[in-house]
Number of protein chains: 2
Amino acid sequence: MSADHVFAALASPARRELLRLLLEEGGQPAGRLAERFDMSRPSVSEHLKVLRDAGLVAETRKGRERLYRLEPAPLMEIRDWLGPYERFWREKLAALSTLLDEMEDDDDGSR
Amino acid sequence: MSADHVFAALASPARRELLRLLLEEGGQPAGRLAERFDMSRPSVSEHLKVLRDAGLVAETRKGRERLYRLEPAPLMEIRDWLGPYERFWREKLAALSTLLDEMEDDDDGSR
DNA sequence: TTGTCATGTAGGAAAAATCCTACATATAGT
DNA sequence: ACTATATGTAGGATTTTTCCTACATGACAA
């Protein structure tokens with residue numbers, strides 16, 4: 001739930017790759033996900049645990065498999081966190097644009 | 001420049017707090033930023049280095065001070081990274097909304 | 001029931017992050 | 001030149017993360 005765990009979970013390239021696979025290919029059993037990594041299966045399982053604790057994936061037991069699926073809600077917290085920075089970014093762009101316009105007004109072709 | 005460094009930089013609460021201070025209060029010298037933390041000044045300095053390496057802050061030497069300012073461009077990379085997940089999220093919401101509508105249509109008041 | 005398959009967990013080694021104190025550097029003021 | 005101030009860097013202790021192999025669990029299949 002806490003954004004701390006979400007940011008921490010996203011810090012690992014392996015975990016972001018897991019999210020990408022679940023996004024692009026849909027829910028999959030843990031083993032099939034692990035096959036795609038140059039890493040032992042238990043290690044991938046631990047990464048899945050971190051993602052689970054952050055609320056970024058959920059599992060459904062299906063026989064002896066466990067299907068993992070993407071749970072995007074916590075990512076929307078990240079998006080909200082970004083909001084104020086994006087406003088700041090836009091103001092910067094707007095200021096730059098204004099500056100460029102003024103330079104163009106001044107540009108009478110002289111030198 | 002790589003998104004890896006940006007995600008890693010954001011993983012620390014102390015570094016996110018630094019970004020927040022720079023956003024809400026504008027550029028400040030390193031020492032003034034450090035005062036706000038329950039942590040030694042050199043440690044804050046190291047956090048600033050991580051943010052600098054990720055391109056999230058920039059410094060301007062002003063006499064013997066170093067003014068740090070927010071550099072939001074890398075955060076826009078993060079926003080772009082979130083894009084596909086946000087689409088996925090919206091589709092989920094839309095599906096839920098449709099489902100609720102159908103349930104309402106079925107709801108003839110019986111039972 | 002016995003064996004097999006999919007998966008998680010324990011325990012530990014190695015690497016990385018975090019935080020500290022001491023020191024180095026560079027600028028400003030006297 | 002000397003001192004004070006603002007800051008970064010070195011070196012090291014401690015904690016956390018990451019990854020491994022070995023083992024535990026729980027469901028299916030013969």
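Note that the structure is predicted; figures quoted are calculated from it, not measured. Here is the naming used below: chain letters follow the sequence lines, and residue numbers restart at 1 for every chain. Note: hydrogens, waters and symmetry copies are ignored here, and every other heavy atom, side chains too, is used.
For B/E24, the salt bridge (charged side-chain N to carboxylate O under 4.0 Å, His left out) partners two or more places apart in sequence, or in a different chain, are B/R20. Applying the side chain to side chain contact (heavy atoms under 4.5 Å, CB included) rule to A/S12 yields the partners A/A14, A/R15, A/H47; only residues at least two apart in sequence or on another chain are considered. Checked against salt bridge (charged side-chain N to carboxylate O under 4.0 Å, His left out), B/R64 has no partners two or more places apart in sequence or in another chain. Judged as a side chain to side chain contact (heavy atoms under 4.5 Å, CB included), and not counting sequence neighbours, B/A8 has no contacts. B/E71 is linked by a salt bridge (charged side-chain N to carboxylate O under 4.0 Å, His left out) to A/K92, B/R69, counting only residues two or more places apart in sequence or in another chain. Residues meeting the side chain to side chain contact (heavy atoms under 4.5 Å, CB included) test with A/E25, sequence neighbours left out: A/L21, A/Q28, A/R36. With sequence neighbours left out, B/M76 forms a side chain to side chain contact (heavy atoms under 4.5 Å, CB included) with A/E86, A/W89, B/R79.
In summary, contact between chain B and DNA chain C, defined as any nucleotide atom under 4.0 Å from a heavy atom of the protein, begins and ends at C/dT18 to C/dA28 in the 5' to 3' direction.
B/L23 and B/L51 end up in the same hydrophobic cluster when Ile, Leu, Val, Met, Phe, Trp and Tyr side chains are linked at under 4.5 Å.
Contacts classified as ring pair (Phe, Tyr, Trp, His ring centres under 6.0 Å) and involving residues 51-86 of chain A (residues at least two apart or in different chains) are given here: A/F7-A/W81, A/W81-A/Y85.
Of the residues in residues 62-75 of chain A, A/G63, A/R64 come within less than 4.0 Å of DNA chain D through at least one heavy atom, sorted by number. Of the residues in residues 9-32 of chain A, those with a non-hydrogen atom less than 4.0 angstrom from any atom of DNA chain D are A/S12, A/R15. Near DNA chain D, meaning a heavy atom under 4.0 Å away, the residues from residues 36-52 of chain A are A/M39, A/S40, A/P42, A/S43, A/E46, A/H47.
Scanning all heavy atoms of the two residues, the minimum distance from A/R41 to A/A34 falls at CG-CB, 3.8 Å.
Taking 4.5 Å as the limit, every side-chain heavy atom of A/L22 sits out of range of all side-chain heavy atoms of A/L56. Inter-residue side-chain proximity for A/S97 and A/L93 is flagged as unmet; no heavy-atom pair is nearer than 4.5 Å.
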